[in-house]
Chemist: 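Let me give you the structure first, and then I'll get to my questions.
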There are 2 protein chains.
Amino acid sequence: MRVVTDRLPHVLRSDAASNRARILEAARTLFSARGLDVPMREVARRAGVGPATLYRHFPTKQALVTEAFADQMRECRAIVDRGYADPDPWHGLCSVIEKICELHARDRGFTEAFMSTFPNAADVTADRAYTVKAVTELALRARESGHLRPDFLIPDDLILMLMANRGIHASTPSSRAAASRRFAGFVIQMIQASPQHSPLPPATSLNR
Amino acid sequence: MRVVTDRLPHVLRSDAASNRARILEAARTLFSARGLDVPMREVARRAGVGPATLYRHFPTKQALVTEAFADQMRECRAIVDRGYADPDPWHGLCSVIEKICELHARDRGFTEAFMSTFPNAADVTADRAYTVKAVTELALRARESGHLRPDFLIPDDLILMLMANRGIHASTPSSRAAASRRFAGFVIQMIQASPQHSPLPPATSLNR
DNA sequence: AGCCAAGCGGACGGGGGCGTCCGTTAGCGT
DNA sequence: ACGCTAACGGACGCCCCCGTCCGCTTGGCT
């Protein structure tokens, strides 16, 4: 007797599977290089499929983005997890900052997906919340350890620096990566505890 | 005998002048709040004129942008001039950084106009070059005075910080201004000379 | 008051992106 | 080998933006 689940084909036909893979590859390439506002048609064109096929596999652009950046999201979580697990919280925090900046510098689309509050992007939102929570706790421990300056607001100033990193552009991916790396170096020195710090301008919540 | 220049009407009719003024006001408002990719139609709509009128006064979007931000450009030059004239170069540099960040935070369109290399934007390019040159000399003096960290690259790192400031967004203009102010505070402390600085990652030119 | 050109804006054609429909193709199971 | 249906993609209608043309309005001068 056939069970109910047999009625929905959960396995793709071979051509469908390869099309899907090519679409994702095309999306990753284009989104990485040019950000999220690449036309869906162009993704389809690069993947060698018609627009209808693209829309059949990913009914909304958000779905495509979420799938395309699943790897990057995993890598992002892995970065914060490794930092979180570091016995030296300051060292862990520094490595998180460096790696996240590099990840964002390497992939413009991922930056947009991660930062911009996409409407109805439940997955991305959840991943971001997880990341922010983990890095918040890590930063709190770093502050307790005395290495992080006490007036550094957690997580607001971390988000501030991530936003700042997003503004860094350059004409080639490699020079962008280098600029972002240098910026991360500045940031790390900037947030280090030091006796000579004068008071900073106050922060208001970023949401209002 | 009438002279040749009489043949071109150099004075606008009163309605034309008021339309022109209203167009510029509308453009300033919309560009400030939403950046440069506001449709020309929308500027016309807000100014209460037809699209043809808008295009008659400003045949290209670049012309409109240049006119609309002439004030901001003047203010920008004034800021660097005041900093340049400061007898204490470090103090002058700090005030330039604070003021420029604030100016950019207040006006999203100006940021885009100033940063993005608009094709055929001779005016903006010249203004930017002037600004960069002045602030470069100011920073060099600040470095000689011993207040600016010696490994700070001039003007590359200044531009890096300006780009970073551009990445800072918020849901309201006032919170954006506050965030930018706080960022500028971080930057100033970060570029201060200090015995404890460890080496920074190298910079590659931003152009290649 | 009357003229007339400076000035106006509605409307047009072109281009591009979007999401969907439907006739055709071809993978896969028998 | 054959048929069935999952899967494909060309083509369509919709909307928005762009830049321009042309018949009408109106400010300003005589």
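Residue numbers start from 1 in every chain, and the chains themselves are labelled A, B, ... in the order their sequence lines are given, proteins ahead of strands. Everything numeric in this text was worked out from a predicted model, so none of it was measured.
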Chemist: Would you kindly check whether a donor in the side chain of A:Arg41 faces an acceptor in the base of C:dG19, or vice versa, at under 3.5 angstrom?
Modeler: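 When only heavy-atom distances are counted, A:Arg41 does reach the base of C:dG19 through a donor-acceptor pair under 3.5 Å.
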
Chemist: Let's see if you can work this out: which of C:dC21, C:dC18, C:dG9 has an atom nearest to the side-chain heavy atoms of B:Thr53?
Modeler: C:dG9

Chemist: Round to the nearest Å and state the distance from B:Phe58 atom CZ to C:dC8 atom P.
Modeler: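 So the two atoms are 11 Å apart, to the nearest Å.
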
Chemist: Do side-chain atoms of A:Asp88 reach the backbone of A:His91 as a donor and acceptor pair under 3.5 angstrom?
Modeler: yes

Chemist: With the side chain of A:Pro51 defined as its heavy atoms from C-beta on, choose the nearest nucleotide among C:dT20, D:dC8, D:dC18.
Modeler: C:dT20

Chemist: Which listed nucleotide (C:dG27, D:dG9, C:dC8) is nearest to the side chain of B:Arg56?
Modeler: C:dC8

Chemist: Is there a donor in the side chain of A:Asp107 and an acceptor in the side chain of A:Ser32, or the other way round, less than 3.5 Å apart?
Modeler: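 Yes - a donor-acceptor pair under 3.5 Å links their side chains.
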
Chemist: Check the distance between C:dC8's P and B:Arg22's CZ and give it to me in whole angstrom.
Modeler: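 So the two atoms are 9 Å apart, to the nearest Å.
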
Chemist: Hey, does the side chain of A:Asn19 come within less than 4.0 Å of D:dC8's phosphate (OP1/OP2), counting only N and O?
Modeler: yes

Chemist: Please determine whether side-chain hydrogen bond (donor to acceptor under 3.5 Å, both in side chains) holds for the pair A:Gln72 and A:Arg77, giving the CA-CA distance in whole Å, both sets of side-chain angles, and the decisive distance to 0.1 Å.
Modeler: CA-CA 9 Å; A:Gln72 307 280 47; A:Arg77 284 202 309 270; over 6 Å; no

Chemist: Under 3.5 Å, is there a donor-acceptor pair between the A:Asn165 and A:His104 side chains?
Modeler: no

Chemist: From C:dG17, C:dG10, C:dG7, pick the nucleotide closest to the side chain of B:Ala16?
Modeler: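 Among C:dG17, C:dG10, C:dG7, the one nearest the side chain of B:Ala16 is C:dG7.
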
Chemist: Whole Å only: how far is the CG atom of A:Leu54 from the P atom of C:dT20?
Modeler: 12 Å

Chemist: Would you say the side chain of A:Arg13 and the base of D:dA6 hold a donor-acceptor pair, judged only by whether the two atoms sit under 3.5 Å apart?
Modeler: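 Indeed, a donor on one side and an acceptor on the other fall under 3.5 Å apart.
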
Chemist: With nearest nucleotide decided by heavy atoms, which residue, A:Glu42 or A:Ser14, maps closer to the 5′ end of DNA chain C?
Modeler: A:Glu42

Chemist: In whole angstroms, how far is the C1' atom of C:dG29 from the CG atom of A:Asp15?
Modeler: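 Going from A:Asp15 (CG) to C:dG29 (C1'), I get 15 Å.
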
Chemist: Does A:Phe186 have B:Arg149 sitting over its ring (NZ/CZ under 6.0 Å from centre, angle to axis within 45°)?
Modeler: no

Chemist: Within this structure, what is the CG-to-P distance between B:Asp37 and D:dC16, rounded to whole angstrom?
Modeler: 17 Å

Chemist: In whole angstrom, what separates A:Tyr55's OH from D:dG9's C1'?
Modeler: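 One finds 14 Å between C1' of D:dG9 and OH of A:Tyr55, rounded.
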
Chemist: Rounded to whole angstrom units, what separation is found between the CD atom of A:Gln62 and the C1' atom of C:dC18?
Modeler: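 Distance check: A:Gln62 CD to C:dC18 C1' gives 17 Å.
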
Chemist: Rounded to whole Å, how long is the line connecting atom CG of B:Leu64 with atom P of D:dG19?
Modeler: 12 Å

Chemist: Please tell me if B:His57 has a side-chain N or O lying less than 4.0 Å from either OP1 or OP2 of C:dG7.
Modeler: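 It does not, given that no N or O in the side chain of B:His57 lies less than 4.0 Å from OP1 or OP2 of C:dG7.
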
